[in-house]
Protein chains: 2
Amino acid sequence: MLHFNNSLFGGRFQSVLGIMSKGVNLRELSNRLNLSQTTVSRALNGYPEVSAETRKRVAEMADELGYAPNSQARRLATGRSMAIGHVIPRSIHEMMNPIFLEFIAGAGETYSKHGYDMIISVVEDDHEEDAYRQIATRKKADGVIVHGPAADEHRHRLLKEINLPFVVHGRIPGAESETTWVDMNNRRAFERATNLLLDLGHQRISLLNGLEHMDFARRRRKGFEDALAARGLAADNAIMRSSDMTEPFGCDNAMEMLKSDNPPTAFLVSSMISAIGVARAIGQCGLETGKDVSIITHDDALSFLPNSGEVPIFTCTRSSVRYAGQRAAELLLDIIASPQREPSSLHLDAELIIGQSTGPVPGR
Amino acid sequence: MLHFNNSLFGGRFQSVLGIMSKGVNLRELSNRLNLSQTTVSRALNGYPEVSAETRKRVAEMADELGYAPNSQARRLATGRSMAIGHVIPRSIHEMMNPIFLEFIAGAGETYSKHGYDMIISVVEDDHEEDAYRQIATRKKADGVIVHGPAADEHRHRLLKEINLPFVVHGRIPGAESETTWVDMNNRRAFERATNLLLDLGHQRISLLNGLEHMDFARRRRKGFEDALAARGLAADNAIMRSSDMTEPFGCDNAMEMLKSDNPPTAFLVSSMISAIGVARAIGQCGLETGKDVSIITHDDALSFLPNSGEVPIFTCTRSSVRYAGQRAAELLLDIIASPQREPSSLHLDAELIIGQSTGPVPGR
DNA sequence: TCCGGCATCCAAACCGCTTTGGATTTAACT
DNA sequence: AGTTAAATCCAAAGCGGTTTGGATGCCGGA
């Protein structure tokens with residue numbers, strides 16, 4: 001009688017009758033084929049020094065036995081972890097924003113297309129540096145994406161020091177030429193948006209911006225101010241706000257301003273989510289969006305907030321972050337594949353799309 | 001003159017003057033200490049058969065050299081990948097929803113607290129099964145979380161077959177007792193919400209539900225219908241909709257119904273996002289939310305859509321998905337740590353919170 | 001006939017860690 | 001003094017792949 005020692009199957013032995021597959025390793029596979037591990041490995045990985053016939057045999061047996069190489073072993077042997085890291089500090093993650101998610105989704109598509117894994121670590125703020133160091137020394141990932149660069153960003157220095165390939169989503173002021181990044185043209189987009197409002201006769205425009213210690217928000221503000229300045233106007237701090245881009249942020253501030261002595265006739269908003277809040281405030285004041293008060297928002301093309309249709313709800317500057325995610329991931333994989341060649345950064349342009357939320361300034 | 005061969009440093013040699021750390025492995029470390037790898041490994045991992053003094057020496061040298069064990073090697077040796085997988089099929093991910101993100105955020109906290117990595121794979125719909133199989137055979141993760149169970153769910157069978165530990169976010173109908181899950185009481189929550197509306201005199205209530213091939217949406221609908229039935233009322237298909245929970249879904253449908261001959265006086269909505277849409281529609285019809293028309297929504301406590309304050313904007317049933325994520329992750333880690341002991345599932349209760357969006361039916 | 005070259009395939013080293021199965025030393029007990 | 005037990009430490013064998021450096025056999029050309 002046959003004696004089965006369970007441990008032979010690595011403890012994964014499941015049923016004598018069932019397919020007991022899913023447990024073979026390279027050694028067993030090569031034994032079954034009467035070939036060396038070398039040959040089998042090469043056959044499977046498409047190396048040339050293996051005859052077509054052998055390769056076929058190997059392939060067939062491999063999938064008959066349900067063989068798939070153990071990731072850890074392969075990673076150890078090759079020295080590549082085949083994974084990309086995304087570290088998100090608590091502070092960002094407290095306000096876990098959908099834009100991040102959408103970016104991740106895009107990047108994830110690219111990764112899986114290229115056989116890479118995506119690993120995400122949420123860490124305490126003061127452990128962020130640690131997290132990157134660990135990724136590098138423990139070889140957890142072959143590269144990382146840097147999210148949400150601040151105005152006084154420093155992570156890129158660390159990453160260069162520890163020699164961990166990276167791509168920035170956004171731009172690091174002062175380091176544009178020495179880093180690879182994917183960003184949209186924030187300044188230009190907000191400049192155009194502002195010009196549109198100015199053309200419609202609006203002179204008193206409120207800016208509801210993202211957190212201005214972030215680079216993107218600074219650029220947007222600059223675009224806004226540049227456009228005003230070009231027409232000899234100055235921004236009024238009384239109607240500019242900066243915060244996490246939540247719905248209530250939009251509503252509360254809009255409400256307050258609309259009720260003030262000198263209310264804005266238009267709002268330029270950094271996110272659809274807050275723009276929805278602004279629209280709510282306008283409604284609650286008994287006013288009509290696009291008629292009494294105009295709104296232009298930036299639209300990241302989030303999937304759960306579609307702003308499409310023949311005439312979109314919101315007039316907006318639109319740029320797909322998901323697309324940015326895809327491309328950023330591609331750039332990163334490029335860098336990893338050939339570290340010598342400097343891939344060029346990517347400057348995405350936002351479209352300016354006219355929707356229902358803008359109209360000429362009332363009483364003009 | 002000293003001749004430095006870069007490859008000696010694994011190519012990671014950076015500067016003769018700088019700390020050229022971050023490259024040592026266990027062997028080098030043990031050489032420096034004149035100890036065996038065994039002893040060093042044990043010292044570092046807290047095994048008892050090492051003297052306190054030695055342990056201290058090891059620890060000091062380790063962090064002087066910036067030693068950290070290579071993850072892949074450790075994983076290969078221990079057979080545990082120290083990672084949890086989340087596979088998200090395209091179809092879900094197309095509509096990459098914020099609820100998922102928030103859950104992930106919660107789970108991520110737990111993982112990092114326990115030294116686990118989180119790996120996310122976005123896959124084509126027809127490769128979902130493959131993805132799970134690969135996770136198991138290639139040992140990519142020690143367990144997975146099953147997201148968004150459908151009414152006719154089958155993934156749990158596969159996972160049991162391939163012996164991959166898992167926890168379900170939500171419940172699998174018919175498999176409640178044989179799987180570990182974390183879910184909120186969807187039926188009860190919607191029943192209570194409906195009762196509240198009925199108590200306020202609303203008789204004609206619209207249900208804007210999530211996709212009803214999903215288990216959670218079915219339960220919610222059941223709660224709604226049960227409450228109606230208990231008062232001898234029947235649900236009217238004309239004012240019930242089911243879809244991805246986007247903003248326009250809420251707005252468009254509410255608009256259509258409000259303009260109909262027999263409009264609802266209240267809406268029961270499955271997500272804040274759609275509820276915002278409903279509120280917009282109400283405003284556009286010149287009506288007032290909470291006075292002319294009532295809304296109760298489910299609130300997943302998404303960070304970018306806070307619905308708090310003294311009197312929250314929306315009356316809601318609230319349950320934090322982030323918390324669910326934390327707990328689901330904990331359960332999963334428990335299962336992995338001690339596979340024999342069946343951890344109990346977790347049934348979260350949603351709070352019913354009165355906000356500004358409900359009021360007695362007009363004209364009562 | 002002999003040799004170089006090509007096409008195939010293999011044995012063994014290696015990746016960096018954990019862990020088994022002792023070996024050695026020291027302290028403690030008869 | 002002679003054993004025994006406890007405390008430390010180590011050599012070497014995995015874990016499951018990839019990759020280097022040949023070995024072997026077969027062919028055509030000189």
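Order of the sequence lines sets the chain letters (A, B, ...), proteins ahead of strands, with each chain counted from 1.
A:Y47 has a side-chain polar atom (N or O) that falls below the 4.0 Å cut-off from OP1 or OP2 of D:dT19. In terms of phosphate contacts, B:T78 brings no side-chain nitrogen or oxygen within less than 4.0 Å of OP1 or OP2 of C:dC17. Within the 4.0 Å cut-off from OP1 or OP2 of C:dT18, at least one side-chain nitrogen or oxygen of B:S41 is found. Remark: A:T39 is in phosphate contact with C:dC10, judged by side-chain N or O atoms under 4.0 Å from OP1 or OP2. Taking 4.0 angstrom as the limit, B:Y67 places a side-chain polar atom (N or O) nearer than this to OP1 or OP2 of C:dC17.
Straight-line distance from the CZ atom of B:R80 to the P atom of C:dG16: 23 Å, rounded to whole Å. To the nearest angstrom, C1' of D:dA23 lies 15 Å from CD of A:E49. Rounded to whole angstrom, the span from the CZ atom of B:R57 across to the P atom of D:dT8 amounts to 14 Å. One can place CZ of A:R74 at 17 Å from C1' of C:dC14, the figure rounded to the nearest angstrom. The distance from atom CG of B:L26 to atom C1' of D:dA11 is 14 Å, rounded to the nearest whole Å. As a whole-Å value, the separation of A:R27 CZ from C:dC10 P is 16 Å. Between the CD atom of B:Q72 and the C1' atom of C:dC15 there is a distance of 11 Å, rounded to whole Å. For the pair A:E28 CD and D:dG16 P, the computed distance is 9 Å after rounding to whole Å.
Between B:F166 and B:H156, the gap from one ring centroid to the other reaches at least 6.0 Å.
Using a cut-off of 4.0 Å between Lys/Arg side-chain N and Asp/Glu carboxylate O, A:D117 and A:K140 are scored as not salt-bridged. With respect to the salt-bridge test (charged N to carboxylate O, under 4.0 angstrom), the residues B:K56 and B:E60 qualify. Under a 4.0 Å N-O distance rule, the pair B:E178/B:K160 qualifies as a salt bridge. B:E129 has no carboxylate O lying under 4.0 Å from a charged side-chain N of B:R155, or vice versa, which leaves the two without a salt bridge.
The side chain of A:N45 has D:dT18 as its nearest neighbour among C:dT18, C:dC10, D:dT18. Nearest to the side chain of A:L76, among C:dT19, D:dG17, C:dC15, sits C:dC15. Set against D:dC9, C:dT18, C:dC10, the side chain of A:S36 has C:dC10 as its closest nucleotide. Proximity note for B:R42 (side chain, C-beta onward) versus C:dG21, C:dC17, C:dC10: the nearest is C:dG21. For A:N70, taking side-chain heavy atoms from C-beta onward, the closest of the listed nucleotides C:dC9, D:dC9, D:dG16 is D:dG16.
The base of D:dT19 lies close enough to the side chain of A:T38 for a donor and an acceptor atom to sit less than 3.5 Å apart.
Aromatic ring orientation, A:H169 versus A:F103: parallel (interplanar angle below 30°, classes split at 30° and 60°).
Across all strands shown, A:R75 has no heavy atoms under 4.0 Å from either base or sugar-phosphate atoms. Looking at heavy-atom distances under 4.0 Å, A:Q37 makes contact with a base.
Map B:R55 and B:A73 each onto its nearest nucleotide of DNA chain D; the residue landing nearer the 5' end is B:R55.
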